[in-house]
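The next block holds one structure in the form of structure tokens; read it before the comments.
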Amino acid sequence: MENKAIDLLVHHIGVLVTMRGKDEPRTGRDMAEVGVVEHGAVAIRDGKIFAVGQEEEVRAQIASMAVKQELDAQGRLVAPGLIDPHTHLVHGGSREHELSLKLKGVPYLEILAQGGGILSTVRATRTASEEALYEKAKKSLDQMLLYGATTVEAKSGYGLRLEDELKQLRVAKRLDENHPVDVVSTFMGAHAVPEEYMGRSTEYVDLVIHEMLPEVKRQGLAEFCDVFCEHGVFSVEESRRILSAAKANGFGLKIHADEIEPMGGAQLAGELGCISAEHLLAATDEGLEAMREAGVIAVCLPATSFNLRLTSHARARAMIDMGVPVALSTDYNPGSSPTESLQLVMTLGCLNLGMTPEEVLTAMTINAAHAIGRADTVGSLEVGKQADLVIYDAHNLAYLPYHFGVNHVDTVVKNGKVVVAGGRLTAD
Ligand code: IZC
Ligand code: ZN
């Protein structure tokens, strides 16, 4: 009766957060409904959830089956694997030299305008070998996993010419195939205007539209297309051209919108039906209304506003109250957010965005899954979904954002396999 066995039974769970619920992204009060079960258990078979709920009920359901392996959660907190829906995972180099500029008060966009910022990472990425990029990104992905992430989105955008954009996307694809964490790829050729096109942004936009987008599509290297719509980077009109072309090529759409200046990026996200719009610190009420009407998910990035030393933050509270679905992400990148830790983002989500711990977890599980088109397989602990879960060294949800700056992850189960145990990776 080999095929009637449970592969792994996670039991003796003190607080089990299931996130079970509706199929759509959570909005309003539903963001606080996290589906808590006390004295829970999760039975896993073939990498998927076979039964989940109160331990007594789960044991009754699997009473006739053999259990190959048991994992005692020791009365602690168990929740779905975290999902990081916005990262610039694959890149060369680092930018710690920008810290002293930042301390002198030089703004992020000023550093970029002087040929630093993104453009310095472009130089480092272009000169790096594919293997070096892979090893560096793998290290970051290991960190993300150690901090509880089991699915991660990764953008290109540090090549800014076809061969180097493809190089970044191939690295993301290989990581998806070889690393326990699932990697979902986004093409972001419109991340900045490269130095060799300075003052000729229209020509660069043409290159993205006519050369890069079709080739990335042809090679099947990305599911989504993203644009940095920002003052001095790409205008609303240029962003509209690129995203419309991406839509025609069959990409899902994302946009870095209204991060620093209110440009109308949120309205554009609504107009084009983007799956998500990111940052949104300067988004207007009209912009948020356009997003709400079109069901665009707001991906808020509080580690970025923290690290840029901004005094204002995305209006997540207002977004939730008006019915815009909110997700949270690290924005992991070497400039504005050099951190892999979604647990730090939990704290910043509470303290700087005014979200509750329940809303924060919703924003980095089921809503984050929706933001990358994966809500049918991950983001909640429900029968038939991938068995991706985290055992925290904590006894309730509020403890995670409350006790900040340290890692609370004890165990991570990915596709039914224990990949982190005792806070360490089980394999390399
Ligand atoms: O490398 O600075 N905001 N893109 C848009 C970034 C930050 C990444 C970077
Ligand atoms: Zn970003």
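Counting convention: from 1, in listed order, for ligands and their atoms alike. We number each residue from 1, following the sequence as shown.
- For ligand 1 and Ile118, the ligand atoms under 4.0 Å from any heavy atom of the residue are 1 (O), 2 (O), 4 (N), 9 (C).
- The aromatic rings of His403 and Tyr399 stand perpendicular to each other, their planes meeting at an angle above 60°, with 30° marking the opposite boundary.
- Shown in contact with Tyr158 at under 4.0 Å from a heavy atom are these atoms of ligand 1, numbered in order with element: 1 (O), 8 (C), 9 (C).
- Atom-to-atom distance recorded for Met144:CE and Thr151:OG1 is 12.0 Å, nearest 0.5 angstrom.
- Distance check for Glu278 against the Zn ion (ligand 2): none of its N/O/S atoms falls below 2.8 Å.
- Remark: ligand 1 and Asp331 share no N or O pair separated by less than 3.5 Å (distance only, no angle test).
- When you scan the N, O or S atoms of His256 for the one nearest the Zn ion (ligand 2), you land on NE2.
- Put simply, the residue from Val52, Val10, Val36 that forms a side-chain contact (heavy atoms from CB on, under 4.5 Å) with Leu16 is Val52.
- Checked by distance only, ligand 1 and Arg95 come closer than 3.5 Å through their nitrogen or oxygen atoms.
- Within Asp331, the N, O or S atom lying nearest to the Zn ion (ligand 2) carries the name OD1.
- Heavy-atom contacts of Tyr108 reach the following atoms of ligand 1: 2 (O), 3 (N), 4 (N), 5 (C), 6 (C), 7 (C), 8 (C), 9 (C) (cutoff under 4.0 Å).
- Distance check, rounded to the nearest 0.5 Å: CG of Asn352 to OG1 of Thr311 gives 10.5 Å.
- In this model, a donor atom of one side chain and an acceptor atom of the other lie less than 3.5 Å apart for Lys385 and Ser380.
- Assignment of Glu230 to the shell around ligand 1 is not supported, since no heavy atom sits closer than 4.0 Å.
- Side-chain polar atoms of Glu203 and Ser201 form no donor-acceptor pair below 3.5 angstrom.
- Distances between N or O atoms of His191 and those of ligand 1 include at least one value under 3.5 Å.
- Ring-plane geometry between His279 and His256 is classed as tilted, the angle between the planes lying from 30 to 60 degrees on a 0 to 90 degree scale.
- Where the criterion is an N or O separation shorter than 3.5 Å, residue side chain and backbone included, Thr121 fails it with respect to ligand 1.
- Cation-pi geometry between Lys217 and Phe251 is satisfied (NZ or CZ under 6.0 Å from the ring centre, within 45° of the ring normal).
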